[in-house]
Engineer: 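Before I ask anything, let me first share the structure, which is written out below as structure tokens.
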Amino acid sequence: MPLSIYNSYSRTKEVFEPITPGHVGMYVCGPTVSGESHLGHARPYITFDVVYRYLTYKQFKVRYVRNITDAGHFEEEGREAEDKVGKKALLEKLEPMELVQKYTNLFHWAMKEFNCIEPSIEPTATGHIVEQINMIETLIEKGFAYVQNGSVYFDVKKYAAEHEYGKLSGRIIDELLHAEARDNTTRTLEGQDEKRDSADFALWKAAPPEHIMRWKSPWGEGFPGWHIECSAMATKYLGASFDIHGGGMDLLFPHHESEIAQSTICNHVAPVKYWMHNNMITINGRKMGKSYNNVIKLTELFSGNHPLLTQAFHPMTVRFFILQSHYRSPLDFSSEALASSEKALKRLWEAYEVLKKISPIENAAAKDAALEEKVKNWLEEMEQFMDDDFSSPKVLANMFELAPIINSIKDQLIGIDAISHHTLMLMKERFAVFLEDIFGLKATEAGNNEVLQSVMDLLIDIRKESKAKKDFATSDKIRNQLNQLGIQLKDEKDGSTSWGLA
RNA sequence: GGUCCUGUGGCCGAGUGGCUAGGCUAAGCUCUGCAAAAGCUUCUACAGCGGUUCGAAUCCGCUCGGGACCUCCA
């Protein structure tokens, strides 16, 4: 079964066929590093990390480009961006690169916590000013952009005459062009009156004197518009047209729509074959976003330090929570939902640990043919589900079907020869590949240390002796005290005792 | 106002027209010195009203509710 991807552009699922066989070029809109990442940001990066991992699993050679937006109108909350004309001492002033560095570091830290693989290339907007200026010059030469008071705008009306502007985002071009006709609820942007048409968007903005980020350009000092950076960097590293462009649904318009327009004019081809958009994370049914004032920052999530959180959540819990829903569905956040994911992940992961320790008997035949059939089917479906537009929730559902079987084998409620040697080996392989390689989950336990292991062995031994002597006071003390320390003892069916972090 | 999405059991969430995912919670049972863990079992569903169909949560229409985008935004 071939891989199918839902293409936002055609609004249908399409069979994935890369432009260059065996290779995939993938661009994902990265963070704007003027503030701290929040839970909402986690979704695209985890979603496309899984896409990247799955494509790699499918033997594609993937070049994954994810940018850092570090140019634009930057300010940091609580710090004055206005005063750079020299009243304040140098160290008191907002230094843009300091700010950018701070939030870039924080972003990278979060990605590591989430176990996201680094992209192949992580270009910055400030590092590609030249490419952006070149692209804008081309647009002017071709007559699709015009200069106005040191700023440059893209001529949407002219573009729309020959191309489908608005197709990706389902916009009606006439309405965009006559926006003033409708009741004007939209915010008035600075320099709006410079535009020939309100639908036009900025490619380059002249920097007012107090603007802290500025570069020289043919049109005077200024800074690049938001959309041009992605077009310039994607073109540079992935070519005029590439396979996958990803990002959040909220970027459909105007960001991605504009990217298509710019790149199409400059490169004479549609830039992207498959557009992929993840849905939003909501909180109380409302999108999590700065403007709604309802964000939970990742640092708050990991520490539990937020009024809406009843506890701290491990990055892997968050990752699992995101994988439990399909990436194109909205996902509603609550502390309760996350807590339930935490338990679910723990259960699944423990079953996986058990599975790793099961040693199949060579040449075991499948004594329970019906079970053998079911298990084989669940395992085979896993890849089919991922091939169907990355349906991670279904894969996880199958794993949960398998978990009781794994535990029953351990407890000898199901014989190890009930299913064939081959299927058991396949199960070990599928769990490892899907859980670790594709879903990018990893053990949350910090207890893999030899000294602790020895101490635990000792305690378990003492407890066993106490129980043999019916000295339950001592055995319960060991069990209960450990429990308070966050260590859970599990008495197995065979009389042994294992332990894990609760 | 425009474009689009969405409404599933206590909660979260899959669902390609027929065989009613999965997780969490709750209850009962098994195992256990008692627990925990594990296993087994069970309950409350498809917003409402019409229509198409032999058959609809799934397709169509209407009503009601929620959301996203139209502005920086993952």
Side-chain angles (χ1 to χ4, degrees), chain A residues 11 13 28-32 34-35 37-48 69 72-73 166 169-172 174-176 179 181-189 192 199 226 246-255 257 277-282 285-292 320-321 324-326 328-334 336-345 347-348 350-351 354 385 388 391-401 403-408 410-411 413-414 467 470 472 475-476 479-480 483 488-493 495 497-500 502:
Chain A
R11 293 166 201 239
K13 264 184 214 168
V28 174
C29 289
T32 300
S34 63
S37 299
H38 62 255
L39 175 59
H41 296 116
R43 197 168 193 191
Y45 306 130
I46 289 171
T47 297
F48 291 105
T69 298
H73 181 69
S169 55
R171 241 23 46 133
I172 296 166
D174 283 341
E175 272 187 26
L176 291 170
R182 69 166 199 262
D183 63 328
N184 207 346
T185 48
T186 54
R187 189 177 73 181
T188 38
L189 285 166
Q192 196 78 354
W226 176 37
M249 267 181 174
D250 50 351
L251 299 183
L252 274 164
F253 189 89
H255 188 53
E257 199 70 61
H277 291 93
N278 63 274
N279 214 313
M280 301 292 103
I281 286 185
T282 59
R286 176 148 238 128
K287 175 186 167 185
M288 189 177 286
K290 229 175 174 176
S291 29
Y292 294 118
F320 184 79
F321 172 67
Q324 266 186 306
S325 75
H326 190 264
R328 282 191 288 109
S329 299
L331 176 59
D332 198 51
F333 165 87
S334 69
E336 202 188 355
L338 223 45
S340 118
S341 287
E342 183 181 78
K343 287 195 176 175
L345 173 59
R347 182 173 139 78
L348 188 60
E350 282 177 358
V354 166
F385 290 154
D388 184 17
S391 296
S392 55
K394 288 177 152 190
V395 177
L396 289 172
N398 275 23
M399 288 185 155
F400 277 107
E401 293 281 10
I405 291 162
I406 293 166
N407 287 326
S408 293
K410 180 196 71 174
D411 292 341
L413 297 168
I414 294 176
K467 280 172 74 173
K470 300 225 185 283
F472 296 124
S475 67
D476 286 354
R479 183 178 74 197
N480 298 338
N483 220 331
Q488 184 184 45
L489 294 182
K490 293 179 216 171
D491 292 331
E492 305 292 353
K493 293 274 190 285
T497 300
S498 64
W499 64 279

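We name chains A, B, ... by the order of the sequence lines, and we start the count at 1 in each one.
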Engineer: I want to check one thing: is the phosphate of B/U71, taken as OP1 and OP2, less than 4.0 Å away from some side-chain N or O of A/Y292?
Structural biologist: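 No, because none of the side-chain N or O atoms of A/Y292 sits under 4.0 Å from OP1 or OP2 of B/U71.
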Engineer: Report yes if a side-chain nitrogen or oxygen of A/S329 is closer than 4.0 Å to either non-bridging phosphate oxygen (OP1 or OP2) of B/U6; otherwise report no.
Structural biologist: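 It does not, given that no N or O in the side chain of A/S329 lies less than 4.0 Å from OP1 or OP2 of B/U6.
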Engineer: May I ask you to verify whether the side chain of A/D476 and the base of B/G33 hold a donor-acceptor pair under 3.5 Å?
Structural biologist: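 Result: at least one qualifying N/O pair found.
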Engineer: Any base atoms under 4.0 Å from A/N407, or only sugar-phosphate, or nothing? Heavy atoms, all strands.
Structural biologist: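 Sugar-phosphate only.
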Engineer: Does A/N398 or A/K410 map to a spot on RNA chain B nearer the 5' end, using the closest nucleotide for each?
Structural biologist: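 Closer to the 5' end of RNA chain B: A/N398.
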Engineer: Starting at the 5' end of RNA chain B, what dot-bracket string do you get if Watson-Crick and G-U pairs under 3.5 Å are bracketed, crossing pairs use [ ], other-strand pairs use | and unpaired bases use dots?
Structural biologist: (((((((..(((.....[...))).(((((.......)))))....(((((..]....))))))))))))....
Engineer: Counting the atoms with a prime plus P, OP1 and OP2 as sugar-phosphate, which does A/L413 contact under 4.0 Å by heavy atoms, base, sugar-phosphate, or nothing?
Structural biologist: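 The answer is sugar-phosphate, as A/L413 gets under 4.0 Å only of primed atoms, P, OP1 or OP2.
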Engineer: So, OP1 or OP2 of B/G13: does either fall under 4.0 Å of a side-chain N or O from A/K394?
Structural biologist: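 Checking B/G13 against A/K394, no side-chain N or O comes under 4.0 Å of OP1 or OP2.
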Engineer: Establish, with yes or no, whether the OP1 or OP2 oxygen of B/G22 is under 4.0 angstrom from a side-chain nitrogen or oxygen of A/R347.
Structural biologist: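 False: A/R347 side-chain N/O out of range (4.0 Å or more) of B/G22 OP1/OP2.
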Engineer: Expressed as a whole number of Å, how far does the P atom of B/G9 sit from that of B/A57?
Structural biologist: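 Taking atom P in both B/G9 and B/A57, they lie 14 Å apart.
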Engineer: With no hydrogens and no angle check, just 3.5 Å: does a side-chain donor-acceptor pair link A/S341 and A/Q324?
Structural biologist: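 Present: a donor and an acceptor within the cut-off.
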Engineer: Donor-acceptor pair under 3.5 Å: do we get one between A/D491's side chain and the base of B/A35?
Structural biologist: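 Looking at the base of B/A35, it does pair with a donor or acceptor on the side chain of A/D491 (distance under 3.5 Å).
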Engineer: Is the shortest side-chain N/O distance from A/R286 to OP1 or OP2 of B/G67 below 4.0 Å?
Structural biologist: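 The answer is yes; a side-chain N or O of A/R286 sits under 4.0 Å from OP1 or OP2.
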Engineer: When rounded to the nearest 0.5 angstrom, what distance separates CE in A/M288 from CG in A/L39?
Structural biologist: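 Reported value, rounded in 0.5 Å steps: 4.5 Å.
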Engineer: P atom, B/U20 versus B/U44: distance in rounded Å?
Structural biologist: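 Per the computed distance, 14 Å lies between those P atoms.
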Engineer: If you measure only the distance, is there a donor-acceptor pair under 3.5 Å linking the side chains of A/T497 and A/D491?
Structural biologist: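 There is such a pair (donor and acceptor under 3.5 Å, judged by atom type) between the side chains of A/T497 and A/D491.
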Engineer: May I ask you to decide if A/N279's main-chain N or O and A/R43's side chain share a donor-acceptor pair within less than 3.5 Å?
Structural biologist: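 Between the backbone of A/N279 and the side chain of A/R43 there is a qualifying donor-acceptor contact (under 3.5 Å).
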Engineer: Give me the distance, rounded to whole Å, that separates B/C34 from B/A21 when you measure between the P atoms they each carry.
Structural biologist: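 Comparing P positions in B/C34 and B/A21 gives a spacing of 37 Å.
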Engineer: Between A/F472 and B/G33, do the rings stack, that is, sit under 5.5 Å apart with planes less than 30° off each other?
Structural biologist: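 According to the criterion (under 5.5 Å, under 30°), yes, A/F472 stacks.
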Engineer: Could you tell me whether A/S37 contacts a base, only the sugar-phosphate backbone, or nothing, with contacts defined as non-hydrogen atoms closer than 4.0 Å?
Structural biologist: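 A/S37: no heavy atom of the nucleic acid under 4.0 Å.
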Engineer: Check whether any side-chain N or O of A/H255 sits under 3.5 Å from a backbone N or O of A/L252 as a donor-acceptor pair, and report yes or no.
Structural biologist: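 Here the side-chain-to-backbone pair does not exist.
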Engineer: With rounding to the closest Å, how many angstrom separate the P atoms on B/C24 and B/G17?
Structural biologist: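 Taking atom P in both B/C24 and B/G17, they lie 30 Å apart.
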Engineer: Taking the P atom in each of B/G39 and B/G55, what is the distance between them to the nearest angstrom?
Structural biologist: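 Result for the P pair: 42 Å, nearest Å.
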Engineer: Could you state the CG-C1' distance from A/L251 to B/C70, rounded to the nearest angstrom?
Structural biologist: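 Answer to the nearest Å: 14 Å.
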Engineer: OP1 or OP2 of B/C69 sitting under 4.0 Å from any side-chain N/O of A/K287?
Structural biologist: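 It does, given that an N or O in the side chain of A/K287 lies less than 4.0 Å from OP1 or OP2 of B/C69.
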Engineer: With distance as the sole criterion, do the side chain of A/R479 and the base of B/A35 form a donor-acceptor contact below 3.5 Å?
Structural biologist: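 Side chain to base: pair present.
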Engineer: Reading RNA chain B from 5' onward, which residue's closest nucleotide shows up sooner: A/R43 or A/L331?
Structural biologist: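 Nearest nucleotide further toward 5': that of A/L331.
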Engineer: Give the rounded distance in Å between these two atoms: CD of A/Q324 and P of B/A14.
Structural biologist: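 Going from CD in A/Q324 over to P in B/A14 covers 9 Å.
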